Amino acid sequence: RATKAQEFKLLEGARLRAWLQDEARVRSVRLAPAEAEHLLATSDGDLWALMGELEKLSAGWSLKREVAQETKVWDFTDAFFVDRIGSLRPLTRLFNSGNEPIQILGALASSVRTLALGGWQQAMRSRRPLPGVHPYVAAKHRTVAARLDKTAIRRLFTALISADVEIKSGRLPGPLALIRRLLS
């Protein structure tokens, strides 16, 4: 039973952008405009997450490399839902650039989870933002979810769990476990 309450509004827009620039300056981190926009877009206003990203940058982490790698991973996951056989080319590029199969599998599992959330929201006729998901990504997954039913999403989850077990147990080499899912 508090006698006084205080609400802290989320920082948005120009205020969030200014906060990020100030914090970067305090940590002696130089952010290119594209890097700042990427951090703002992926944080959803979460100051704690932004602080963590700035700490990584001040320790020498390369945001440019991460953004480029992320783009490649999402090229594969987007293609996976549209044309599984066609997604073999972006998957091969990921393998050739040194990405680990377990990392690619994790990105695909994240997409399936977002797909399931988008499908659930669509079934509930809700357009509220998905927590921790960029609005563009949520809209893209809602479109894909409209073409799938619960059974198809459940099959995807089961296939990804099987691939995870195959990779981690050593039953199949990582690339083969993922390629097997493309062909099934």
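Below, each value reflects all heavy atoms present in this structure, side chains not excepted, and no hydrogens, waters or symmetry copies. Throughout, residue positions are numbered sequentially from 1 according to the sequence presented. Quantities reported herein were computed from a predicted structural model and do not represent experimental measurements.
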Task: Separation between CZ of Arg25 and CG of Leu31, rounded to the nearest 0.5 Å - done: 10.5 Å
Task: Side-chain touch Leu108/Val73, heavy atoms, less than 4.5 angstrom - done: no
- [ ] State plainly whether one hydrophobic cluster holds both Leu94 and Leu172, where clusters connect Ile, Leu, Val, Met, Phe, Trp and Tyr through side-chain heavy atoms under 4.5 angstrom apart.
- [x] no
Open item on the list: With rounding to the nearest 0.5 angstrom, report the CD to CD distance, Glu53 to Glu55.
Closed with: 10.5 Å
Open item on the list: Side chains of Trp74 and Ser111, heavy atoms from C-beta outward: is any pair under 4.5 Å?
Closed with: yes
Open item on the list: In the structure I gave you, are the side-chain heavy atoms of Leu91 and Phe80 within less than 4.5 Å of one another anywhere?
Closed with: no
Task: Leu50 side chain near Glu23 side chain, heavy-atom distance below 4.5 Å - done: no
Open item on the list: Around atom CZ of Arg27, are there more than 12 heavy atoms from other residues, nucleotides or ligands closer than 6.0 Å?
Closed with: yes
Task: same_hphob_cluster(Val165, Leu183) at 4.5 Å side-chain heavy-atom cutoff - done: no
Open item on the list: With clusters defined by side-chain heavy atoms of hydrophobic residues (ILVMFWY) lying less than 4.5 Å apart, directly or transitively, does Ile85 cluster with Leu182?
Closed with: yes
Task: Exam field: side chain Thr92 to backbone Leu88, donor-acceptor pair closer than 3.5 Å - done: yes
- [ ] Identify the heavy atoms of Gly174 and Ile167 that sit nearest to each other, and give their distance.
- [x] CA-CG1, 3.7 Å
Task: Hphob cluster co-occupancy, Leu39 + Met51, side-chain heavy atoms under 4.5 angstrom - done: yes
Task: Asp164 side, atom CG; Ser169 side, atom OG - distance, nearest 0.5 Å - done: 9.0 Å
Open item on the list: Using 0.5 Å steps for rounding, measure from the CG atom of Leu47 to the CG atom of Leu11.
Closed with: 5.0 Å
Open item on the list: Can you tell me how far apart CG (Leu40) and CG (Asp46) are? Round to the nearest 0.5 Å.
Closed with: 12.0 Å
Open item on the list: Does any part of the side chain of Ile102, heavy atoms only, come nearer than 4.5 Å to the side chain of Lys168, both counted from C-beta?
Closed with: yes
Open item on the list: Measuring only between side-chain heavy atoms, which start at C-beta, is Leu20 closer than 4.5 Å to Leu54?
Closed with: yes
TODO: For the pair Lys72 and Asp75, find out whether any cationic side-chain nitrogen is under 4.0 Å from an anionic carboxylate oxygen.
DONE: no
Task: Hydrophobic cluster identity match, Leu105 and Phe157, side-chain contacts under 4.5 Å - done: yes
Open item on the list: I need the Arg171 CZ to Leu176 CG distance, nearest 0.5 Å.
Closed with: 12.5 Å
Task: Neighbour count >12 (heavy atoms, 6.0 Å) for atom CZ, Arg15 - done: no
Task: Heavy-atom pair with the smallest gap, counting every atom of Arg181 and Ala159 - done: NE-O, 3.0 Å
Open item on the list: Any non-hydrogen side-chain atom of Pro101 less than 4.5 Å from a side-chain atom of Phe95?
Closed with: yes
